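Every chain is numbered from 1 and lettered A, B, ... according to where its sequence line falls, protein lines coming before strand lines. None of the values given here were measured: they were computed from a predicted structure.
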Amino acid sequence: MTEFDLAAFQKEALERWTHAFESNPSQKEKYYLTVAYPYPSGAMHVGHGRTYIVPDVIARFWRMRGMQVLYPMAFHVTGAPVIGISKRIARKDEKTIKLYRDLYKVPPAVLDKFTDPLTIVKHFSDEYQRVMTGCGLSIDWRRRFTTVDPTYSKFIEWQWKHLYEAGHVTKGVHPVRYCTHDENPVGDHDLLEGDKAEVIKFTLVIFKFDDAIIPTATLRPETIHGVTNLWVNPNVTYVRALVDGKPWVISREAAEKLQLQDHVVTIEKEITGRDLINKTVSHPLCGEIQILPADFVDPDMASGMVMSVPAHAPFDFIALRDLQRQGKYKNIKPIPLIKVEGYGEIPAQDAVETAGIINQLDTRMEELTQEIYSAEFSKGKLFERFGGKPVRIAREEVAQEMIEKYGSVIMYEFDTRPVVCRCGNRVQVKILHDQWFLKYSDQSWKSQVSDQLRDMVLVPPEVRLEFDRTVDWLKDWACTRRVGLGTRFPWDTTQLIEPLSDSTIYMAYYTIAHRIREISPEKLTPEVFDYIFLGIESPNLPEKEKLDAMRKEFLYWYPYNFRFSAKDLISNHLTFQIFHHVAIFQKHQLPKGMVVFGMGLLNGAKMSSSKGNVFLLEDAINEFGADTVRMFLMGSAEPWQDFDWRNELVLSTKKQIERFYNAIHEMKDVGGEPEDIDIWLMSRLQEHIGRTTTALDNFQTRQALQEAYFGIENDLKWYRRRLSEGCDGSRMLVSLCSAWVRLLAPFIPFTCEKLWQEFGEQGLVSFADWPVEDKKLVNRRIELAEELLLRTVEDIDSIRKLIQITPKCITLSLAPLWKHTVFITIARSADKTLAIREIMKDNAMRRRGKEAMDTVKQCTNLIHRLPPQIVEMIASEGVNERAVFEQAKSFLEKEFGVPVHITDAEGSAHAKALTALPFKPAIVIE
RNA sequence: GCGGGGGUAGCUAAGCCUGGCCAAAGGCGCCGGACUUAAGAUCCGGUCUCGCAGGAGUCCGUGGGUUCAAAUCCCACCCCCCGCACCA
């Protein structure tokens, strides 16, 4: 026997597996599954491990069930993150260097070359392949590609041509975070500060001011009728500037921002805030009002000018109150215009006074503002004289009206500030032109996607709601970028196709990836792909034979059966890919199913590379063995649940594998004669096979392992206990071993490959036949008998512990026939109360009086406690209790070390014998 | 805020859709025992409370309700996690 040595098993199996999982079209039925490909900007951790092992287990399962399985892998390298990383490394950024050198263990010589982004992804994609192979993933590596391969770009161009022609791509304007120093849009990864900041849309309400205008920024244009004054910060220097040729009075900051938002701005002169105080302005909807001083006015917020609605804005209310307490502006009264449940006539006053706010410096002001804002938005209604509409509707309408009739303009601003770029410069909102969008807002496109979703299998089913919501909610998606790696956008080659948008139908590309390399990229015209994927013939197609082979391959594999991905991709990638599929492929080639994963935790905390809270997959393999990692990840939670990696649990998984390995070794050569208990074991095995198969059909890796591993192990425990003295099992165990090894092969392929070889099997267990449940071997009668015995043994045990005397003998008294009749009558009747009446009609029963009634109660109780199938079997077939116990007599005597007597309860001298019930003999220990 | 998912014994986690097999699987931890010079590993037993007869009591976020019967169905509340876009 070979020692249990996972590392050695791995080495051996990996050699035997070289090229084994390369998969080509064949006569067999296909099963094509894909996972979201990784973005290789760092080392793999155990969380990644699960993402790729789950599909591998499924792939291995279907392969053993005789399907032609394709499990391909590629690397996603388009986008900006890796560029940021290379820049940071070039700049010798301490944190980044530490991460790559210490956590990801990149050798110094290689790290030096990481100033080139492509070197980073090359390094890690090689590492990914090495580690994935080490995990035993049954991937067809011939089909590996990266998203910056020239041939792949040709494929993307073809895809976009179709999207464009179908009207799914449009040009528009879009506000983005923008750094004026770098002259580029700023992604999340490039932010030093303010990564939570959102761009929000202000309406500038235009007030006339002498020959100029004052634009005040508001999120609540519907409150225009409640404006009583403007606010200006007396300590700030404002400017008079020509905006698109007209004179505006705004803050200096605003002047700068407006330039980025499609306005031509020239500053004419400075005006101090103090000079503006008490001046008069006007607006058609609220007439002439005064400018008042307020310190809370922030010149860096939008236009730097604020209109005051004291009835509905706590800040406005309190600033006004502060002034009035100094005896000024006594004539100004708040003008309420919104009715909102839970607040008085003047909501802002109500809120401020209830909270006991003293002045505008109070720290609770922000909170209070938010509270009123939300309450009025969700529950508020304008007064009848202002239209009577709910705030949420009126706001949009008034804003629209303001723009159309009163010269209002839109201004974008961050909701929280400051937002700072990595270069240290302040980030602003800029309106980008020439921004291209995918029109996910298109209703007819959406409805095609919804239709497709209805036809798809979603695992787990609960995610369907989330998908439906996402489709419903998706707006146009900005699909081009100015920085990063990727395919040039065909209609504006200064831009690139955004990384989520170039990864939507690449599952089709896998089918041809290994063949298309043989054709040089410049020959790959859209017509070529039209032919391969859509079967559209056209003249002068190059290298027709190769194209035919690709077409054949595509037709064989497509559509994919299942796509696997973590659940955080539901709201983008997983939904996008359906949009793109319905836009390009024919109905019968649309995706069939998706499996959505949960996330990984490490010792209870969320795994995060940037926080260093990761455990590298390769380290895990080296420390525990690949099979251990696989079995742990598959057994600790179902795929869609979050799992938690804990080293101590992983260690015990390793012991389980070892226990399995040793058990097989002990059993595979025994050759005793089969006993009844062998029939029981075989019968149980069939059920485990059936349930393991069902579980894997449903992607329940955990459930499958429970059945295939613990289920069988527990049966073996009972089996060994039941064997006759000196017997170590029958030759039937050999077939159990064979089935057991195959059942576990998808989970722990390395160990199983080794065992399979030791059985003297020629081929790989990876391609062996999956065990099939043999219904002929299922023997309910024997299972029922064992169940009776097991329960009785448990009962004897618990009594023995309780009474603490040294038993001299055990007597089992069996229930009389009439109690069986009672039991069966109750078991068979749907309504238990009717059953009682039925039983008591019988004269013989009635004569037994209280004893009969008690039996009825006890039987009812017992029936509810027993598993339904058992009750049903007792009722239908019955069980010969005497025979069961007589046969198990020597077993019981061995178990308890005392003589065991089996008697009928009726006529027994023991009072306890009266308690005997069907399936529950009375036990007397003396 | 909007949307989605959850709260089960010391921890972890099944069960919930389809109400009685539920004092509630499995695993971990802990306790005891066997083995061992010892430790580890392994195996056996225990692990809500009470009980010298296989039983009883309390229990599945909180509070109500439906039912002969509720972890499971209904209502309300509290708490936790995830997504919300130009980012892979």
Side-chain angles (χ1 to χ4, degrees), chain A residues 36 38-39 41 76-82 174-177 185 187-190 195 198 370 373-374 377-378 432 435-438 440 460-470 472-481 484 498-501 503 567-573 598-599 601 604 606 632 635-638 640-644 646 648-649 651-653 655-656 658-659 662 702-703 705-706 709-711 713-714 717 791-792 794-805 831-833 860-871 912 915 920-925:
Chain A
Y39 185 91
S41 64
H76 190 209
V77 303
T78 34
V82 78
H174 189 60
V176 296
R177 288 186 298 228
D188 267 343
H189 296 272
D190 299 320
D195 55 335
E198 277 183 59
Q370 192 57 44
Y373 181 99
S374 305
F377 181 71
S378 54
L432 280 189
Q435 176 62 55
W436 293 80
F437 292 89
L438 279 166
Y440 292 141
E462 300 90 86
V463 297
R464 184 170 294 279
L465 260 174
E466 221 172 328
F467 273 104
D468 288 341
R469 282 292 312 172
T470 303
D472 197 40
W473 155 93
L474 269 178
K475 302 191 268 274
D476 291 347
W477 179 267
C479 61
T480 56
R481 295 208 63 188
E498 177 274 331
L500 279 176
S501 302
S503 302
K567 66 175 164 207
D568 52 342
L569 294 189
I570 292 178
S571 62
N572 47 57
H573 166 74
M599 312 293 273
L601 303 176
K606 191 179 172 178
F632 174 77
S636 60
E638 298 295 4
W640 41 90
Q641 296 168 323
D642 295 348
F643 74 95
D644 192 3
R646 289 176 193 263
E648 69 271 18
L649 300 192
L651 214 55
S652 80
T653 304
K655 287 179 209 155
Q656 285 160 0
E658 183 167 6
R659 219 156 60 212
N662 293 335
R702 179 195 159 93
Q703 180 67 36
L705 261 178
Q706 294 274 334
Y709 184 85
F710 297 103
E713 193 186 43
N714 278 334
K717 267 188 200 168
R791 281 168 184 270
T792 308
E794 277 170 4
D795 279 353
I796 296 174
D797 259 333
S798 66
I799 296 170
R800 220 164 42 127
K801 261 165 222 138
L802 219 52
I803 58 174
Q804 291 170 349
I805 57 165
D831 185 335
K832 307 298 181 214
T833 40
T860 311
N861 211 345
L862 182 62
I863 284 166
H864 282 153
R865 282 157 177 267
L866 289 170
Q869 319 99 287
I870 288 194
V871 172
K912 293 241 177 280
T915 64
K920 201 169 176 60
I923 297 162
V924 180
I925 299 177

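- Contact annotation: A:Arg481 side-chain N/O to B:A88 OP1/OP2 distance is under 4.0 Å.
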Test side-chain contact (heavy atoms from CB on, under 4.5 Å) applied to A:Phe710 and A:Gln656, step by step: CA-CA 9 Å; A:Phe710 297 103; A:Gln656 285 160 0; 3.6 Å; yes
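- Between the A:Ser503 side chain and the A:Leu500 main chain, no donor and acceptor come within less than 3.5 Å of each other.
- Checked against B:G54, B:C86, B:G26, the side chain of A:Phe710 finds its nearest nucleotide in B:G26.
- Distance CZ/A:Phe632 to CZ/A:Arg646: 9.0 Å, rounded to 0.5 Å.
- Closest to the A:Ser652 side chain, of the nucleotides B:A88, B:A85, B:C28, is B:C28.
- Following rounding to the nearest Å, A:Glu638 (CD) and B:A25 (C1') show an atom-to-atom distance of 14 Å.
- When the C1' atom is used for both B:G1 and B:U47, the distance is 47 Å, rounded to whole Å.
- Contact of the A:Arg464 side chain with the A:Pro461 side chain is not registered, since no non-hydrogen atoms from C-beta on lie closer than 4.5 Å.
- Although no hydrogens or angles enter the test, the distance criterion places no donor-acceptor pair under 3.5 Å between the side chain of A:Tyr709 and the main chain of A:Gly635.
- For B:A25 and B:C81, the C1' atoms lie 26 Å apart once the distance is rounded to whole Å.
- Toward the 5' end of RNA chain B, the nearer of the two residues A:Asn714 and A:Val176, judged by each one's closest nucleotide, is A:Asn714.
- At the heavy-atom level, A:Leu649 lies under 4.0 Å from the strands shown only through sugar-phosphate atoms.
- Here the P atom of nucleotide B:G55 and the CG atom of A:Asp795 are 7 Å apart, to the nearest Å.
- If you take CZ on A:Arg659 and NZ on A:Lys655, they are separated by 9.0 Å, rounding to the nearest 0.5 Å.
- Minimum heavy-atom separation, A:Ser798 to A:Asp795: OG-O, 3.0 Å.
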Identify each atom pair where a protein N or O and an N or O of nucleotides 1-4 of chain B are less than 3.5 Å apart, giving names and distance.
{"from": "B:G4", "atom 1": "O2'", "to": "A:Glu466", "atom 2": "OE1", "distance (Å)": "2.9"}

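- B:C43 and B:G54: their C1' atoms are spaced 26 Å apart (whole Å).
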Under 4.0 Å protein heavy-atom contact, by nucleotide of nucleotides 38-44 of chain B - B base, S sugar-phosphate only: ---SSSS
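- Among the heavy atoms of the strands, none lies under 4.0 Å from A:Pro461.
- Within the 4.0 angstrom heavy-atom criterion, no nucleotide atom of any strand lies near A:Ser501.
- Straight-line distance between the P atoms of B:U49 and B:U58: roughly 16 Å, to the nearest whole Å.
- At the heavy-atom level, A:Gln641 lies under 4.0 Å from the strands shown only through sugar-phosphate atoms.
- Out of B:A88, B:G54, B:G83, the shortest distance to the side chain of A:Ile799 is found at B:G54.
- Comparing the C1' positions of B:A70 and B:C60 gives an interatomic distance of 11 Å, to the nearest angstrom.
- Among the nucleotides B:A85, B:A53, B:G83, the one closest to any side-chain atom of A:Ile925 is B:A53.
- By the 4.5 Å heavy-atom criterion applied to side chains, A:Arg469 and A:Ile570 are not counted as neighbours.
- Distance from the side chain of A:Ile923 is smallest for B:G54 among the nucleotides B:A53, B:G54, B:G26.
- With rounding to the nearest 0.5 angstrom, the OG1 atom of A:Thr470 is 10.0 Å from the CG atom of A:Leu465.
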A:Leu438/A:Ser501 under side-chain contact (heavy atoms from CB on, under 4.5 Å): CA gap, chis, key distance, verdict: CA-CA 9 Å; A:Leu438 279 166; A:Ser501 302; 3.7 Å; yes
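- With A:Gln435 contributing its side chain and A:Thr480 its backbone, the two residues share a donor-acceptor pair below 3.5 Å.
- Atom C1' of B:C30 sits at a distance of 14 Å from the matching atom of B:A9, rounded to the whole Å.
- Using atom C1' as the reference point in both B:C59 and B:C48, the two lie 8 Å apart (nearest Å).
- The CG atom of A:Asp644 sits 21 Å away from the P atom of B:G26 (whole-angstrom rounding).
- Between A:Leu432 atom CG and B:A85 atom P there is a gap of 17 Å when expressed in whole angstrom units.
- Taking only side-chain atoms of A:Gln706, from C-beta outward, the nucleotide of B:A85, B:G26, B:A88 with the closest atom is B:G26.
- Taking atom CD of residue A:Glu794 and atom P of nucleotide B:G45, one finds them 10 Å apart after rounding to whole Å.
- A salt bridge is absent between A:Glu466 and A:Lys567; no separation between the charged side-chain nitrogens and carboxylate oxygens falls under 4.0 Å.
- Between the P atom of B:A13 and the CZ atom of A:Phe643 lies a distance of 12 Å, rounded to the nearest Å.
- Of the candidate nucleotides B:G54, B:A88, B:G27, B:G27 has the atom nearest to the side chain of A:Gln656.
- At the heavy-atom level, A:Ala637 lies nowhere under 4.0 Å from the strands shown.
- For the pair A:Glu638/A:Gln703, a side-chain contact is recorded, criterion being any heavy-atom separation below 4.5 Å from C-beta on.
- A:His76 contributes no side-chain N or O that, together with a main-chain N or O of A:Ala36, makes up a donor-acceptor pair within less than 3.5 Å.
- Using a 4.0 Å heavy-atom criterion, one finds that A:His76 contacts the sugar-phosphate atoms exclusively.
- Heavy-atom minimum distance, A:Ala922 versus A:Thr915: CB-OG1, 3.7 Å.
- Among the duplex regions that RNA chain B forms, those built from at least three successive Watson-Crick or G-U pairs under 3.5 Å are B:1-7 with B:78-84, B:10-12 with B:26-28, B:29-34 with B:42-47, B:48-50 with B:55-57, B:61-65 with B:73-77, ordered by first number.
- Using a 4.0 Å heavy-atom cutoff across all strands shown, A:Val924 reaches at least one base atom of the nucleic acid.
- Rounding to whole angstrom units, CG of residue A:Asp642 and P of B:A13 are separated by 9 Å.
- Which of B:G55, B:C86, B:G27 sits closest to the side chain of A:Phe437 comes down to B:C86.
- For B:U12 and B:G63, the C1' atoms lie 28 Å apart once the distance is rounded to whole Å.
- Close to B:A25, at under 4.0 Å from its OP1 or OP2, lies no side-chain N or O of A:Gln703.
- Atom pair A:Phe632:CZ and B:G27:C1' shows a separation of 10 Å (rounding to whole Å applied).
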